[in-house]
Protein chains: 2
Amino acid sequence: MENPRDIFIAHLRRKGLFLTRERRLILEAIFSLRKHFDFDELYDTVKKRVGRVSRATIYRTIPLLIDSGLIRDVFRGTSGTQYEQVRGLEHHDHLLCVSCGSYIEFKDERIERAQQEVCKKHGFVSVDHKLGIRGYCRKCALIKRVKA
Amino acid sequence: MENPRDIFIAHLRRKGLFLTRERRLILEAIFSLRKHFDFDELYDTVKKRVGRVSRATIYRTIPLLIDSGLIRDVFRGTSGTQYEQVRGLEHHDHLLCVSCGSYIEFKDERIERAQQEVCKKHGFVSVDHKLGIRGYCRKCALIKRVKA
DNA sequence: ATTGAGATTGAGACTAAGTATCTATTAGAG
DNA sequence: CTCTAATAGATACTTAGTCTCAATCTCAAT
């Protein structure tokens with residue numbers, strides 16, 4: 001019950017849904033992609049493997065995968081939503097370079113713990129959180145300084 | 001040089017832009033709104049006061065206000081972006097109730113400090129950050145429990 | 001106060017992410 | 001194998017946000 005396929009099937013069962021050929025192929029496609037991906041990358045990959053999929057099917061399957069805990073959406077830029085594979089339970093946050101678009105993942109236990117305390121204090125039951133720090137990565141910060 | 005108008009003008013000057021009637025009215029409209037607002041609320045308010053504004057003008061002015069540090073965008077839901085007035089420098093983050101849509105603002109120094117350290121460690125120059133915790137507020141968490 | 005170059009506005013066309021609808025097809029329980 | 005609800009595909013639709021361009025306005029220099 002550890003592999004993505006079983007997790008996905010279990011989730012579908014729970015909701016009385018079928019594991020269709022398309023859903024299976026979308027799931028497989030995701031794990032052939034790099035960790036972060038967007039709609040178009042997923043769509044193109046599935047299409048390349050199957051020959052034909054409807055965009056609608058991809059859009060309909062994404063929330064199922066999110067609810068299964070297999071992927072999550074990380075940020076929404078001007079051009080669509082970015083998703084990432086969730087492997088295991090290692091939650092993490094992101095440093096996002098506004099200049100070159102690269103990102104760095106990080107995890108800080110102090111931040112996680114402090115968040116839990118904040119929730120507790122407000123009687124808030126957290127289901128998800130997202131911390132994104134926007135700025136300039138090391139390389140771009142240097143270029144910027146040279147320019148200025 | 002403390003009031004929003006002066007800050008805005010200074011920013012425009014720096015970029016060689018004019019303080020037009022429309023920009024002034026948009027700025028004034030914002031400060032008549034509640035702290036959090038979206039595009040439509042702003043658009044309607046300006047229209048009510050002036051009689052006529054182009055949606056494009058509002059859309060063009062928003063980034064100017066963001067760059068001036070007078071407002072910031074807090075989260076982007078399925079229906080547009082939410083903005084908030086920035087008063088002074090008090091940065092804060094949000095607890096977002098996925099059930100009733102309410103939000104709670106909070107600030108935690110430990111989180112802020114830890115973030116700075118993370119940036120430092122990666123040679124990252126932060127310009128902005130956003131922490132949003134999604135979940136159930138006290139009231140909705142109770143209702144949920146009763147239902148389940 | 002006038003003027004002129006460049007900035008800006010308004011109106012609407014346009015783009016694109018995501019949703020909704022409808023019909024033919026498919027999954028899988030019995 | 002059969003039957004029914006679920007599903008896929010195709011495409012129309014919605015809507016946040018951007019782009020375009022002619023008409024208008026701003027303000028620094030006169």
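Note on naming: letters A, B, ... go to the chains in the order of the sequence lines (proteins, then strands), and numbering restarts at 1 for each one. Reckoned from all heavy atoms, side chains included, excluding hydrogens, waters and symmetry mates.
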Euclidean distance, atom [atom1] of residue [X] to atom [atom2] of [N] [Å, nearest integer]:
X	N	atom1	atom2	result
A:His11	D:dA6	NE2	P	15 Å
B:Phe18	C:dA7	CZ	C1'	5 Å
B:Tyr59	C:dT9	OH	P	16 Å
B:Glu22	C:dA7	CD	C1'	12 Å
B:Asp40	D:dA16	CG	P	6 Å
A:Leu12	C:dA29	CG	P	12 Å
A:Tyr43	C:dA17	OH	P	12 Å
A:Phe39	C:dT19	CZ	C1'	12 Å

Does one side chain, of A:His36 or A:Tyr83, offer a donor that lies under 3.5 Å from an acceptor on the other? no
Do we see a donor-acceptor contact under 3.5 Å between the side chains of A:Glu112 and A:His92?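 No - no donor-acceptor pair under 3.5 Å links their side chains.
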What I'd like to find out is whether the side chain of B:Arg72 reaches to under 4.5 Å of the side chain of B:Glu84, using heavy atoms alone. yes
Is there a side-chain contact between B:Phe37 and B:Thr45 in this structure, where contact means two heavy atoms from C-beta onward sitting under 4.5 Å apart? no
Please say whether more than 12 non-hydrogen atoms of neighbouring residues, nucleotides or ligands are located less than 6.0 Å from CZ in A:Arg13.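 Check fails, neighbour count at 12 or below.
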Show the atom names and distances, to 0.1 Å, of all donor-acceptor pairs under 3.5 Å that link a side chain in residues 50-58 of chain A to residues at least two apart or in another chain.
from    : atom 1 : to      : atom 2 : distance (Å)
A:Ser54 : OG     : A:Ala56 : N      : 3.1

Upstream residue (5' side of DNA chain C) when B:Arg55 and B:Gly16 are each assigned their closest nucleotide: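 Nearest nucleotide further toward 5': that of B:Gly16.
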Could you walk me through whether B:Val118 and B:Gln115 pass the side-chain contact (heavy atoms from CB on, under 4.5 Å) check? CA-CA 5 Å; B:Val118 169; B:Gln115 282 180 31; 5.6 Å; no
If you look at every strand shown and take non-hydrogen atoms under 4.0 Å, does B:Arg13 touch a base, only sugar-phosphate, or nothing? sugar-phosphate
Tell me what A:Arg60 touches on the nucleic acid: a base, only sugar-phosphate, or nothing, going by heavy atoms under 4.0 Å.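 Answer is base: heavy atoms of A:Arg60 come under 4.0 Å of a base.
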Any side-chain N or O of [X] less than 4.0 Å from the OP1 or OP2 oxygen of [N]?
X	N	result
B:Arg52	C:dA11	yes
A:Thr20	D:dA6	no
B:Thr57	C:dT8	no

Which residue, B:Arg76 or A:Ala56, contacts DNA chain D at a nucleotide closer to its 5' end, judged by nearest heavy atom?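 Between the two, 5'-proximity favours A:Ala56.
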How far does the helix from C:dA1-D:dT30 to C:dG30-D:dC1 bend, going by the axes of its first and last five pairs, to the nearest 10°?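 Helix axis angle between the two ends: 40°.
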Can you tell me whether the side chain of B:Ser54 and the base of C:dA11 have a donor-acceptor pair closer than 3.5 Å? yes
